[in-house]
Every structure is written in C-alpha cells, then in structure tokens.
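What follows is one structure encoded as structure tokens, with my remarks underneath.
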Amino acid sequence: MSQMSVSEAVVSRRSIRRFKPEPVSREVLERVLEKAQRAPSGGNVQPWNARVVAGASLARLVATVAEVIPQGRAAHAPEYAIYPPELDGVYEARRFGVGEAMYAALGIGREDKRGRLTQFMDNFRGFGAPVLMLVHTPCYMGPPQWSDIGMWLQTVMLLLREEGLDSCPQEAWVVYQKQVRECVAIPDDHVFFCGLAIGHRDPEAAVNQFDVPRAPLSEVVAFEGF
C-alpha cells in the first residue's frame with residue numbers, strides 16, 4: 001500500500017462521530033506521537049502534555065461522567081470558555097451551520113430535544129472510539145502556547161490518517177474537567193484543554209458523511225504585493 005500524501009491526509013481528515021470498536025495498538029500510537037514531536041512551537045517550548053487512555057481506564061472515565069450528565073449544566077465546570085461570548089457574524093453562522101447539518105444527517109429535527117441530547121451525550125463516550133487522548137498544559141501558558149498545541153494536535157491527526165486511523169478533537173470534555181481529573185492524573189497546576197477520540201471510522205454512519213463546508217479562500221485570505 002502506497003503511503004498517504006500530506007494532501008490526501010488533509011482532505012480525508014474530518015471529525016469522526018461514530019467509530020468502530022476495533023482496537024488501536026499502543027505501538028501505532030507511540031509511532032504517531034513520536035513523529036508528532038516534530039510539530040513547531042515558539043521557542044521550542046513544546047507546551048503540549050497528554051494522557052492516552054483506553055480499556056478499563058476509558059470505561060471508568062465514561063462511567064464517571066455519565067453519573068453527572070443528568071444534572072445538566074449544574075455539573076458543568078469548564079476551566080475556560082470554549083467559545084467567546086461575543087462570537088457573532090460569519091463565525092457564529094459557521095458554528096450553528098455545522099451543528100444543524102449534523103442533526104439533519106441524523107434525521108434529528110430541532111424540536112427533537114431528546115434526540116439532540118442523546119447525540120450530545122455521545123460526546124462523552126468518545127463516539128465509541130477505543131482510545132481517548134486528554135490534552136493539558138501548565139496554567140501559566142498563554143495564547144501563543146495554546147496555538148502551538150493546536151499545531152501539534154493537527155500534526156497528530158494527520159499522522160493518524162497516514163496510519164489509516166481517524167480522530168475527533170473534543171473540547172466538550174472540558175465541561176466535566178472535575179470528573180476527568182478524578183479518573184486521570186492531570187496535574188493541579190495544568191489546564192485541561194481537550195480530548196481527542198482516536199480509532200477507525202464507521203464509513204457507513206451518516207454522521208460521518210455530511211458535508212462540512214469551508215469558507216472560500218477569498219473570504220479569509222488577502223494577498224498583497226503579488
């Protein structure tokens with residue numbers, strides 16, 4: 001089998017929300033993460049840290065979070081705002097649009113509150129992925145270091161595609177950071193940033209097939225001096 005090109009990895013990567021139960025070996029994950037250490041970071045700080053959980057450890061985390069989900073927002077305790085409260089215009093439209101496209105693909109109407117809640121809860125099962133990587137960084141790190149973590153995560157996700165694997169970055173886990181910390185040894189002086197579900201996509205699942213449009217280049221990039 002020929003090796004996947006970077007372009008093929010970029011185009012084929014998407015946030016997968018239904019995984020097969022097929023396991024992922026530690027050897028493959030170590031290979032991916034070892035290569036991902038080449039990701040760039042300002043001053044070579046490399047501010048990313050992660051715990052990779054599977055098996056009984058992942059099952060315990062899922063069960064612990066499931067216990068508090070019925071409490072609704074009362075159980076939420078994020079350490080940072082996932083979206084800025086001022087989000088509006090095209091940015092809010094893009095966020096709203098992808099959510100509605102997902103629910104439409106699943107046949108879940110806006111009036112189906114139970115159906116939408118069920119789909120939302122699937123976040124906290126990692127969408128059935130056999131592996132969940134939990135990313136954290138020291139509390140004193142600033143926006144430049146957080147952007148470094150984003151570059152590292154993208155590198156990880158593209159390398160996973162090269163290995164025939166898929167992923168879903170999940171900031172949703174941060175609302176239950178207290179429960180995550182009960183189950184996983186994240187240092188007290190670190191911010192829990194996000195989860196990354198890892199596994200093999202279910203290609204037949206509608207939730208993995210709906211279109212996720214991107215803004216045209218002319219809307220986000222301006223060229224000068226050419």
Exercise for the section: Please lay out, stage by stage, how E8 and R161 fare under the test side chain to side chain contact (heavy atoms under 4.5 Å, CB included). Expected result: CA-CA 9 Å; E8 290 169 333; R161 288 299 304 124; over 6 Å; no

Practice task
Just grab all the side-chain hydrogen bond (donor to acceptor under 3.5 Å, both in side chains) pairs involving residues 131-143, residues at least two apart or on different chains.
Solution key: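 Matches after skipping sequence neighbours: H136-H190.
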
Handout entry: Pairs meeting criterion side-chain hydrogen bond (donor to acceptor under 3.5 Å, both in side chains) with involvement of residues 85-104, two or more places apart
Key =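 Non-adjacent pairs meeting side-chain hydrogen bond (donor to acceptor under 3.5 Å, both in side chains): R94-E219, E100-R116.
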
Exercise for the section: Kindly write out the residues that satisfy side chain to side chain contact (heavy atoms under 4.5 Å, CB included) with Q46, not counting sequence neighbours, or none if the list is empty. Expected result: Q37, S41, N44, W48

Note, [X] side chain near [Y] side chain (heavy atom, < 4.5 Å):
{"X": "H200", "Y": "P21", "result": "no"}
{"X": "M4", "Y": "E163", "result": "no"}
{"X": "L153", "Y": "V135", "result": "yes"}
{"X": "L33", "Y": "M133", "result": "yes"}
{"X": "P47", "Y": "I149", "result": "yes"}

Practice task
For V220 and R214, run side chain to side chain contact (heavy atoms under 4.5 Å, CB included): C-alpha distance rounded to whole Å, both residues' side-chain angles, the deciding distance at 0.1 Å, then the answer.
Solution key: CA-CA 10 Å; V220 299; R214 293 298 193 264; over 6 Å; no

Practice task
For D148 and G42, indicate whether the former's side chain and the latter's backbone hold a donor-acceptor pair under 3.5 Å.
Solution key: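 Pair found, side chain donor or acceptor close to backbone of G42.
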
Roughly how far, to the nearest 0.5 Å, is [atom2] of [Y] from [atom1] of [X]?
{"X": "L159", "Y": "L165", "atom1": "CG", "atom2": "CG", "answer": "11.0 Å"}
{"X": "F124", "Y": "L132", "atom1": "CZ", "atom2": "CG", "answer": "11.0 Å"}
{"X": "Q177", "Y": "C194", "atom1": "CD", "atom2": "SG", "answer": "14.0 Å"}
{"X": "W173", "Y": "N123", "atom1": "CH2", "atom2": "CG", "answer": "8.5 Å"}
{"X": "D202", "Y": "F19", "atom1": "CG", "atom2": "CZ", "answer": "10.5 Å"}
{"X": "N49", "Y": "I186", "atom1": "CG", "atom2": "CD1", "answer": "10.0 Å"}

Handout entry: Ion pair check, E162 and K35, cut-off under 4.0 Å
Key = yes

Same hydrophobic cluster for [X] and [Y], using side-chain heavy-atom links shorter than 4.5 Å among ILVMFWY?
{"X": "V98", "Y": "F96", "answer": "no"}
{"X": "V175", "Y": "L87", "answer": "yes"}
{"X": "V212", "Y": "L106", "answer": "yes"}

Which heavy-atom pair separates [X] from [Y] by the least distance, and what is that distance?
{"X": "A39", "Y": "T155", "value": "CB-OG1, 3.7 Å"}
{"X": "R17", "Y": "C168", "value": "CG-SG, 4.5 Å"}
{"X": "P203", "Y": "K20", "value": "CD-CE, 3.8 Å"}
{"X": "S147", "Y": "P144", "value": "OG-O, 2.5 Å"}
{"X": "F210", "Y": "A105", "value": "CB-CB, 3.7 Å"}
{"X": "I198", "Y": "P130", "value": "O-CD, 3.2 Å"}

Exercise for the section: Give a yes or no on whether the ring-centroid distance for H76 and Y176 is below 6.0 angstrom. Expected result: yes

Problem - Criterion side chain to side chain contact (heavy atoms under 4.5 Å, CB included) on Q170 and S15, from CA distance to verdict - result: CA-CA 9 Å; Q170 294 184 272; S15 293; over 6 Å; no

Please tabulate, one pair per line, all N/O donor-acceptor pairs under 3.5 Å involving side-chain atoms of residues 50-73, not counting sequence neighbours.
| unit_1 | atom_1 | unit_2 | atom_2 | d |
| --- | --- | --- | --- | --- |
| R60 | NH2 | E182 | O | 3.4 |
| T64 | OG1 | R60 | O | 2.8 |

Counting only pairs under 3.5 Å, give me each side-chain donor-acceptor contact of residues 77-84, with atom names and distances, residues two or more places apart or in other chains.
| unit_1 | atom_1 | unit_2 | atom_2 | d |
| --- | --- | --- | --- | --- |
| E79 | OE1 | R181 | NH2 | 3.1 |
| E79 | OE1 | F192 | N | 3.1 |
| E79 | OE2 | R181 | NH2 | 3.0 |
| Y80 | OH | F193 | O | 2.5 |

Practice task
Quick one: list whatever passes side chain to side chain donor-acceptor pair (under 3.5 Å) with R125, sequence neighbours left out.
Solution key: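 For R125 the side chain to side chain donor-acceptor pair (under 3.5 Å) partners, ignoring immediate neighbours, are D122.
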
Exercise for the section: Count the heavy atoms belonging to other residues, nucleotides or ligands that lie under 6.0 Å from CZ of R18, then report whether that count exceeds 12. Expected result: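 No, CZ of R18 has 12 or fewer neighbouring heavy atoms, counting only those of other groups under 6.0 Å.
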
Exercise for the section: Count the heavy atoms belonging to other residues, nucleotides or ligands that lie under 6.0 Å from CZ of R31, then report whether that count exceeds 12. Expected result: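 Enclosed.
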
